[in-house]
Each structure stands twice: as C-alpha cells, then as structure tokens.
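To start, the structure under review is shown below, and the notes come after it.
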Amino acid sequence: MDGLVELKAVVLKRILEAVNQEGLENLRVEFLGKKGEISLKMRELGSMSSEDRMIFGPLLNSIKDEVNLALLAKRAGLDDLALDERLRTEWLDVTIPARIRATGSIHPVSQVIDEVTEIFSDMGFSVAEGPQIESDWYNFDALNIPSHHPARGEMDTFYMANSKSANGAPNVLRTHTSPVQIRSMQSLGAPIRIICPGRVYRADYDQTHTPMFHQVEGLALGKDVSMANLKWVLEEFVKAFFEVNDVELRFRASHFPFTEPSAEVDIRCSWANGQLRIGEGDDWLEILGSGMVHPKVLEASGINPNKWQGFAFGMGIDRIAMLKYGIPDLRAFFDSDLRWLRHYGFSCLDQPRLSAGLSR
Ligand code: PHE
C-alpha cells in the first residue's frame, strides 16, 4: 500500500484541472468506479493483517471522502461556469421596439351595416339574409312585378346566362333586397320584424351608382301595424344613425308595385359650405322607399292579408354611409385602394353600441 498520499495528490490535481462535466465523470470512474484505482485498493484491505487494516482502512476511507468532496465541489463549480456562459451569450434586448404588424380596417359599408343592425335590433328587429342569385319569381313575380311590368326594364337587371329557375326563366342577380322579405315571410310567417342587409346588383355606373351596391330591407307585420309605426321607426332610426336629437322626415307619395300606399322618405338637411347637416336647413334628401306591404305580396308569401298587415322599406346602405361619413364618390367604395381603406375604414375595436354613441 505504498504511494497512497501521492495517489491522492494526483487525483485531486486532475479533478481541479477538469474542464467539463464529462471529464469529471471519467475521473470518478477511473478512481472510484468498480474497477477504479481507489476501489481496487479498498478491496486489498481484505487480505491484509488486522494491524495493517487498522492503518490503511481509515486512510483509504478519508482519501475516498476527500476525492468525493472534491468531485462535488468541482461539479458545482463547472455548473456555475456553464450558467455564467449562458447568461453571457443568451440574452434578449427587451428595449428593441416591437415589429410593426399591418392591421386591416373595417370597411365603412360593414361598419354601417353593424350600426344599422344595432339600432334596429334595439327596436326588436332581427337580421335575415337571402341568396344574391335569385329566381325571377322571388325578385319580381312574388313582389307583384309580373313579367310585362315596366319595373323589370327600369331595374337594369343582370340576367344569368347559364342559371335557370324552376319555371325555365333565367335567374337574376337580385336587384333589391325585397326578395328576402318573401323568403322570410315564407319561413317565419307572421308576426315578423326583420331587417335584411346585403348586396344587390344593377347595370349602372357613375359617381353615385355602382353595378353592385348594398341595401337594407325592413319588414314588420302584425295585426295592426300601420304607416304611423313606419314613421316612428324611421324617425328613431335616423336620429340614432345620424346622432342628432331631432329630425324631420317628409313622406312623399310614390309608387312601388309591392307596397300600397307607397312613400319615398326624405330628411331635412342643409348643405352649408358643402357640409351636409342633418335635421336643419331648407333642403330634403331622399334616403329610402317604403310603404304598406301589398296584399298580393302577402298572399304570394303564404300570409293571410285579411289577418296581417305591415310596412316595408328599402334603404341604400352605401348612400347613408356616404352621407354620414362625408365620402364623395361611391365608386371608391369598391376600388380596394389601401389608402382609401385606411382613411375611411374603422378599427375593429370601434364596435357600434347604442349605449356608447354609435361611432367614433
Ligand atoms: N325595393 C325597393 C328598391 O329597391 C325599395 C323598397 C323596399 C320600397 C320596400 C318599398 C318597400 O328601390
């Protein structure tokens, strides 16, 4: 058992010099593993005389303990070094400004549809929708516009070349939202209170007309729903939509095949310095067509005209959007010009709420 002290010195020196955990582990195996140098020496104790064992036993044990302690200390030291290295190399500069993310905006038409929906749902109307490709029956016949009727020609209808309805007539791109009235009466019956916002199509194009535009239809049926109710509902709508306290509406006698009597509705306004003001001044501005639903229309929708009556109206959404937000040219609505969309668009957080004032 010579050289124990030298062995200890060598082991401790090599532990000190280890540069990583792997090297350290190799050292542990080399000296303290099953066939390690110190372990082998421990085994030799068995064949010693008891006097020798009394000397070398404690000596070997203390060397083994010292080596174990040195291994532990070195392991912790290497861990600290590794951590220091990571802290030095892996770091984030949290002061760097975040990357700019492009955000879209809500189109004024979508915003106005949300505003209109908010106002009418407060008055008990729910939203109904229908297809944009319609049969001529829903778009015309059911609305008391038979095939010889001049209104068919006036509407600048787009006819579908390859799409026919049940009676063999070509389908049309709906020219108004009124066919949704028919569909809703058929499926929901009476009483009913709905609005139907959506796209409509007419072959027309200038500063105030585009071949696709938007309307919102209104329909209310009950046992005693009258023109008086129509007037109140429209007044409440206009006040809430244009955010004015008072407004004067003018009902002008008019004609639609699907309403009797019919009225076009104007609101009082002024155009001082090219700025539109709603509710004051000497001008009138047409905003919608309306009337009492024609008995033939009720019949076509399976509703008994002797039991039910009510009003309907149809309003141009793009039109009232232009008026409210001062947008001069309708065609720009559908140009998809990003500069226009950023200027006139709304934030997605700008959700219209009656309780909070409708708009920004
Ligand atoms: N559908 C008519 C149009 O597009 C508007 C309207 C709807 C008129 C309902 C009266 C009643 O011009």
Side-chain angles (χ1 to χ4, degrees), residues 109 113 116 120 125 127-132 134-146 149-158 172-185 190 192-204 208-222 225-231 233-234 237-238 249-267 285-301 303 305 308-320 330:
V109 168
I113 289 178
V116 170
F120 278 104
F125 288 74
V127 173
E129 289 185 312
Q132 296 175 44
E134 264 301 4
S135 70
D136 72 332
W137 189 82
Y138 277 107
N139 197 77
F140 296 122
D141 297 77
L143 288 158
N144 195 29
I145 315 175
H149 198 285
R152 289 217 181 186
E154 283 163 21
M155 283 233 185
D156 303 308
T157 310
F158 286 112
V172 300
L173 290 176
R174 69 179 179 196
T175 57
H176 49 183
T177 41
S178 300
V180 189
Q181 274 187 45
I182 310 292
R183 290 179 175 277
S184 305
M185 284 191 273
I192 189 174
R193 250 187 261 178
I194 49 157
I195 55 164
C196 328
R199 293 181 175 169
V200 299
Y201 301 83
R202 292 181 201 176
D204 209 351
T208 51
H209 296 90
T210 49
M212 186 280 297
F213 59 104
H214 299 80
Q215 285 189 337
V216 58
E217 193 83 7
L219 170 71
L221 295 183
V225 174
S226 69
M227 287 291 269
N229 301 122
L230 170 67
K231 188 161 186 262
V233 163
L234 291 179
F237 167 74
V238 169
L249 292 186
R250 182 170 77 174
F251 282 66
R252 251 183 313 107
S254 180
H255 175 264
F256 300 102
F258 31 91
T259 45
E260 184 58 38
S262 304
E264 280 175 301
V265 177
D266 307 332
I267 45 178
L285 190 97
E286 186 197 320
I287 56 164
L288 60 93
S290 65
M292 296 299 288
V293 181
H294 198 290
K296 283 191 177 172
V297 174
L298 294 176
E299 258 166 27
S301 315
I303 302 240
W308 303 100
Q309 61 177 43
F311 63 77
F313 61 86
M315 186 160 48
I317 290 178
D318 322 76
R319 185 92 201 267
I320 60 172
L330 178 63

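Sequential numbering from 1 along the given sequence is applied to the chain's residues. Each ligand, and each atom within it, is numbered from 1 in the order the structure gives. On a predicted model such as this, the values are computed, not experimentally measured, just so you know.
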Quick one: are the ring centres of Phe313 and Phe251 less than 6.0 Å apart? no
Identify, chain by chain and in numerical order, each protein residue with a heavy atom under 4.0 Å from an atom of ligand 1. His176, Ser178, Gln181, Arg202, Gln215, Glu217, Phe256, Phe258, Thr259, Gly289, Ser290, Ala312, Phe313, Gly314
Ring pair (Phe, Tyr, Trp, His ring centres under 6.0 Å) evaluation trace for Phe258 with His176: CA-CA 12 Å; Phe258 31 91; His176 49 183; 5.6 Å; yes
So for atom CD, which belongs to Glu299, do other residues, nucleotides or ligands contribute more than 12 heavy atoms lying within a distance under 6.0 Å? yes
Determine, for Glu260 against Lys296, whether the closest basic-nitrogen to carboxylate-oxygen distance falls under 4.0 angstrom. no
With sequence neighbours excluded, what pairs up with Ser135 under the side chain to side chain contact (heavy atoms under 4.5 Å, CB included) test? Trp137, Tyr138, Ser165, Asn171
Please determine if Glu286 and Arg319 form a salt bridge, counting it only when a charged side-chain N lies under 4.0 Å from a carboxylate O. no
